[in-house]
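This one's a predicted model, so the numbers in the text were calculated from it and none came from an experiment. Heads up: numbering here begins at 1 and tracks the sequence.
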Amino acid sequence: ESGEKGVYKLELIKGNIVNSEFMPVATRMYIDEEVDVSGAHNYDEILQEIMKKYKGEKHIYRFTLTGECEFSFDTAVLEEKIEAFLVTVRDNTRPCIDFSKASDEFSLKGLFLKYALKDKENLSDEEFNDALKAGLYYIEKEENNEN
C-alpha cells in the first residue's frame with residue numbers, strides 16, 4: 001500500500017470524540033506515482049518531472065512515466081540518478097512521431113518505421129508501442145555509437 005501509515009490518537013470525553021490526531025508510525029513510505037513526461041527531450045527534463053513527486057531518500061518509489069516522449073531512454077539510467085531506499089521506474093510513454101513523415105526518411109529509422117507500420121495490424125496498441133520504443137532506443141544508441 002502506498003502512502004503514510006500510522007494510528008489515530010483520540011481524546012474522549014464521556015464517550016464522545018473531542019479531538020483526533022494522526023500519528024505516523026512508519027519511517028519509510030511506499031510511494032506509487034504517475035509522472036507525465038510529455039515533451040521531454042532528455043534525461044534531465046524527465047528527472048525534473050519525477051522530482052516534483054519526490055518526498056525524500058528514505059522511501060520506496062515506483063514512478064510510472066506516461067505521455068508522449070520525444071526521445072528513447074533507459075529506465076535503469078533514471079533509477080540510478082534518484083537517491084532513495086528503492087526506486088523502480090516504469091515506462092508507459094508513447095513515442096511522439098509523425099509516422100507518415102518519418103517512415104519516408106531514407107535512414108535506418110525510416111526503414112524500421114516503414115516495416116513497423118506494416119506490422120501494426122498484427123499487434124495490440126501496447127505491443128506496438130513497446131516494440132516501437134525498443135527499436136527506436138537501439139537505433140538511437142547505434143547512431144550515437146553507444147553499443
Undergrad: Near F22 CZ, under 6.0 Å, is it more than 12 heavy atoms from other residues, nucleotides or ligands?
TA: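 Atom CZ in F22 is packed in, count exceeds 12.
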Undergrad: Just verifying a value: how many Å separate D130 CG and D91 CG, rounded to the nearest 0.5 Å?
TA: 8.0 Å
Undergrad: Does H59 offer a backbone N or O that forms a donor-acceptor pair with the side chain of R28 under 3.5 Å?
TA: no
Undergrad: Rounded at 0.5 Å granularity, tell me how far CD in E11 sits from OG in S20.
TA: 10.0 Å
Undergrad: Hey, which of R62, K52, K55 is the one that makes side chain to side chain contact (heavy atoms under 4.5 Å, CB included) with E33?
TA: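 Testing each of R62, K52, K55 against E33, the sole residue satisfying side chain to side chain contact (heavy atoms under 4.5 Å, CB included) is K55.
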Undergrad: State yes or no: do I82 and L65 share one hydrophobic cluster built from I, L, V, M, F, W and Y residues joined by side-chain heavy-atom distances below 4.5 Å, directly or via other members?
TA: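 Per the 4.5 Å side-chain linkage, I82 and L65 are co-clustered.
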Undergrad: How far apart are the C-alpha atoms of V7 and V25, what are their side-chain angles, what is the distance that settles it, and do they pass the side-chain contact (heavy atoms from CB on, under 4.5 Å) test?
TA: CA-CA 7 Å; V7 296; V25 295; 4.2 Å; yes
Undergrad: Measuring from D36:CG to I46:CD1, what's the distance to the nearest 0.5 Å?
TA: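 Answer rounded to 0.5 Å: 11.0 Å.
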Undergrad: For atom CD of E21, decide whether the heavy atoms of other residues, nucleotides or ligands shown that lie under 6.0 angstrom number more than 12.
TA: yes
Undergrad: Rounded to the nearest 0.5 Å, what separates atom CG in N19 from atom OH in Y8?
TA: 12.5 Å
Undergrad: Where do T66 and V37 land on the side-chain contact (heavy atoms from CB on, under 4.5 Å) test, with the steps shown first?
TA: CA-CA 6 Å; T66 62; V37 295; over 6 Å; no
Undergrad: If we ignore hydrogens and angles and just use 3.5 Å, is the side chain of E79 paired with the main-chain N or O of V89 as donor and acceptor?
TA: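 Such a contact is found between E79 side chain and V89 backbone.
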Undergrad: Tell me whether L113 shares a hydrophobic cluster with I139, the cluster being built from Ile, Leu, Val, Met, Phe, Trp, Tyr side chains joined at under 4.5 Å.
TA: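 Yes, L113 and I139 fall within the same hydrophobic cluster.
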Undergrad: Looking at Y43 and D74, would you say the former's side chain and the latter's main chain have a donor-acceptor pair under 3.5 Å?
TA: yes
Undergrad: Tell me the closest heavy-atom pair linking G67 and S38, and the distance in Å.
TA: CA-OG, 3.3 Å
Undergrad: Backbone N or O of E34 within a donor-acceptor pair of the K53 side chain at under 3.5 Å?
TA: yes
Undergrad: Working to the nearest 0.5 angstrom, can you tell me the gap between D125 CG and L132 CG?
TA: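 Output value for this atom pair is 11.5 Å.
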Undergrad: Are L10 and M23 joined in one hydrophobic group, where the rule is that I, L, V, M, F, W and Y side chains link up if heavy atoms are under 4.5 Å apart?
TA: no
Undergrad: Mind checking whether L117 and F128 have side chains closer than 4.5 Å, heavy atoms only?
TA: yes
Undergrad: For Y54 and Y61, run ring pair (Phe, Tyr, Trp, His ring centres under 6.0 Å): C-alpha distance rounded to whole Å, both residues' side-chain angles, the deciding distance at 0.1 Å, then the answer.
TA: CA-CA 8 Å; Y54 183 75; Y61 294 93; 5.4 Å; yes
Undergrad: Look at atom CD1 of I17 and say whether more than 12 heavy atoms of other residues, nucleotides or ligands are closer to it than 6.0 Å.
TA: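 Count not over threshold, so no.
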Undergrad: I'd like to know if M51 and F73 are part of one continuous hydrophobic network [Ile/Leu/Val/Met/Phe/Trp/Tyr, side-chain heavy atoms within less than 4.5 Å].
TA: yes
Undergrad: To the nearest 0.5 Å, what is the distance between CG on N92 and CD on E126?
TA: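 Separation between the atoms: 7.5 Å.
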Undergrad: Is E80 reaching over with its side chain to a backbone N or O of V77, donor-acceptor style, under 3.5 angstrom?
TA: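 Side chain of E80 to backbone of V77, a donor-acceptor pair under 3.5 Å: no, none is there.
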Undergrad: Are the side chain of E45 and the backbone N or O of H41 linked by a donor-acceptor pair below 3.5 Å?
TA: yes
Undergrad: Report whether F85 and M29 are members of the same hydrophobic cluster (ILVMFWY, side-chain heavy atoms less than 4.5 Å apart, transitive linking).
TA: no
Undergrad: Contact between L78 and L47 at the side-chain level, heavy atoms closer than 4.5 Å - yes or no?
TA: yes
